[in-house]
Colleague: 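Submitted below is the structure of interest, expressed as structure tokens.
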Number of protein chains: 2
Amino acid sequence: MPLSINEVKKLLRAKEYKLTPQRQIIMQVFLDIGDQHLSAEDVYQIVKQKHPDIGLATVYRTLDLLSDLEVLRKMDFGDGRSRFELNTAGTHQHHHLICLECGAVEGFDDDLLDGLEQVIAAKSKFKIVDHQLKFYGYCQACRKQEAHD
Amino acid sequence: MPLSINEVKKLLRAKEYKLTPQRQIIMQVFLDIGDQHLSAEDVYQIVKQKHPDIGLATVYRTLDLLSDLEVLRKMDFGDGRSRFELNTAGTHQHHHLICLECGAVEGFDDDLLDGLEQVIAAKSKFKIVDHQLKFYGYCQACRKQEAHD
DNA sequence: TTTGCATTGATATTAATTGCCATTTGCGTT
DNA sequence: AACGCAAATGGCAATTAATATCAATGCAAA
Ligand SMILES: [Zn+2]
Ligand SMILES: [Zn+2]
Ligand SMILES: [Zn+2]
Ligand SMILES: [Zn+2]
């Protein structure tokens, strides 16, 4: 659970990576922005405001690197681009509600599935290490505007 | 639950669509091939063997059309392309195991989540209409070759 | 047969991501 | 402080899935 840049630095060092200024800048975006799901382009636009000389390729590389370190979590909500968020709670407890109307994504943490992995593992030959649960529906704003009930 | 071409024809007719030869050929791939998850390119390659004059665009269009009719189900397993499968059992009961080593995908049907939607809906402001559950791990073949236990 | 309209197939286009490579940077060693 | 070198960067080309475009085709009704 990396809460600070220093903890990220330790994780990088442990795998012989450096905490470059660019990596620090990109990491800071996620530490600042809170509970949001950003695409690579999102991050690029935010970062460019204060650091116009950063490259898009570096953003992609850094997001992948931080995902490998499990500092970030790479997700796909079906809109054709990957999205990234801070991996604070363990992956297992974090799930998503996705609005079919406007695409809004809301995260929530719950461990209701923890027992389920063993049940599934017993029925199959898989060694399960992770899971991902997404709910699709209509958010409150869209429910008010259209008749989705 | 469309088991036959005729049932698909009815569903198409109900929405003013025709069962063209191309659509029938593409649909037949899924009826023949059983429990697999095919990309548009996969379908295109299979279909081209006996019908070399079919176009890739038509494959894409037909897969989208059949997904709209809920004859097929469009899925994403994180390998950068959409995959399609017969939508026999309801979507709600169909889930997937994905091998992190070789990418193999295994489907299984289970209704263990049916009660969960209400629990989540109660905690959030979403009107939930669907969900998707994926498990990640290592398939039997990969477990034998590498030490993943 | 003629007209209208959905469908098709070839091709161009879009958009996210990755690959490539010359240049720069961080950092340990002199 | 200057050096050497691998790692990292930035700009841009290349790739790739998917979509858009559009002329040609085919079917169905009049
Ligand atoms: Zn919404
Ligand atoms: Zn989230
Ligand atoms: Zn495997
Ligand atoms: Zn399946």
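Each chain gets a letter, A, B and so on, in the order its sequence line appears, and its residues count up from 1.
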Colleague: Identify each atom pair where a protein N or O and an N or O of nucleotides 7-11 of chain C are less than 3.5 Å apart, giving names and distance.
Modeller:
residue : atom : partner : partner atom : Å
C:dT7   : OP1  : B:R23   : NH1          : 3.0
C:dT7   : OP1  : B:R23   : NH2          : 3.4
C:dT7   : O5'  : B:R23   : NH2          : 3.4
C:dT8   : OP1  : B:T20   : OG1          : 2.5
C:dT8   : O3'  : B:Q22   : NE2          : 3.0
C:dG9   : OP1  : B:Q22   : NE2          : 3.3
C:dG9   : OP1  : B:D53   : O            : 3.1
C:dG9   : OP2  : B:G55   : N            : 3.1
C:dG9   : OP2  : B:T58   : OG1          : 2.6
C:dG9   : N7   : B:R61   : NH2          : 2.6
C:dG9   : O6   : B:R61   : NH1          : 3.2

Colleague: Can you check the A:Y60 OH to C:dG19 P distance for me, whole Å?
Modeller: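 Rounded to whole Å, this separation is 13 Å.
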Colleague: On DNA chain D, which is the earliest and which the latest nucleotide, 5' to 3', with an atom closer than 4.0 Å to a heavy atom of chain B?
Modeller: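 Span of nucleotides near chain B: D:dA17 to D:dT21.
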Colleague: Only one of B:D110, B:D109, B:L86, B:T88 forms a side chain to side chain contact (heavy atoms under 4.5 Å, CB included) with B:H94, so which one is it?
Modeller: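 One option only clears the test, and that one is B:D109.
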Colleague: Report which part of the nucleic acid A:D64 touches: base, sugar-phosphate, or nothing (heavy-atom distance under 4.0 Å, all strands).
Modeller: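 It contacts sugar-phosphate atoms only.
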Colleague: Would you mind reading off the distance between A:Q45 atom CD and C:dA16 atom P, rounded to a whole angstrom?
Modeller: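 Distance, rounded to whole Å: 11 Å.
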Colleague: Would you please say whether a donor-acceptor pair under 3.5 Å links the side chains of B:Q45 and B:Q49?
Modeller: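 Checked: B:Q45/B:Q49 side chains show no N/O donor-acceptor pair below 3.5 Å.
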Colleague: Within the 3.5 Å criterion, strictly below it, is a donor on B:S67 or B:D64 matched to an acceptor on the partner's side chain?
Modeller: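 Side chains of B:S67 and B:D64: no pair found under 3.5 Å.
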Colleague: Would you say that A:R23 contacts A:R61 through its side chain, given a criterion of any heavy-atom pair below 4.5 Å between the two side chains?
Modeller: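 No, every pair of side-chain atoms sits at 4.5 Å or beyond.
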Colleague: Distance from B:I25 atom CD1 to B:I46 atom CD1, nearest 0.5 Å?
Modeller: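 It comes to 13.0 Å.
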Colleague: Any pair with a residue in residues 64-86 of chain B that passes ring pair (Phe, Tyr, Trp, His ring centres under 6.0 Å), sequence neighbours left out, goes on the list, sorted by first then second residue, please.
Modeller: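 Applying ring pair (Phe, Tyr, Trp, His ring centres under 6.0 Å) to every pair that reaches into residues 64-86 of chain B, excluding sequence neighbours, yields B:H37-B:F77, B:F77-B:H96.
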Colleague: Give one of base, sugar-phosphate or nothing for A:S82, where a contact means two heavy atoms less than 4.0 Å apart.
Modeller: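 Sugar-phosphate, backbone atoms only, no base.
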Colleague: Check this for me, if you would: do B:D68 and B:K15 make a salt bridge, where the nitrogen-to-carboxylate-oxygen distance has to be below 4.0 angstrom?
Modeller: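 Salt bridge absent between B:D68 and B:K15.
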Colleague: Calculate, to the nearest 0.5 Å, the distance between atoms CG and CG belonging to A:N87 and A:L66 respectively.
Modeller: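 Result: 11.0 Å between the selected atoms.
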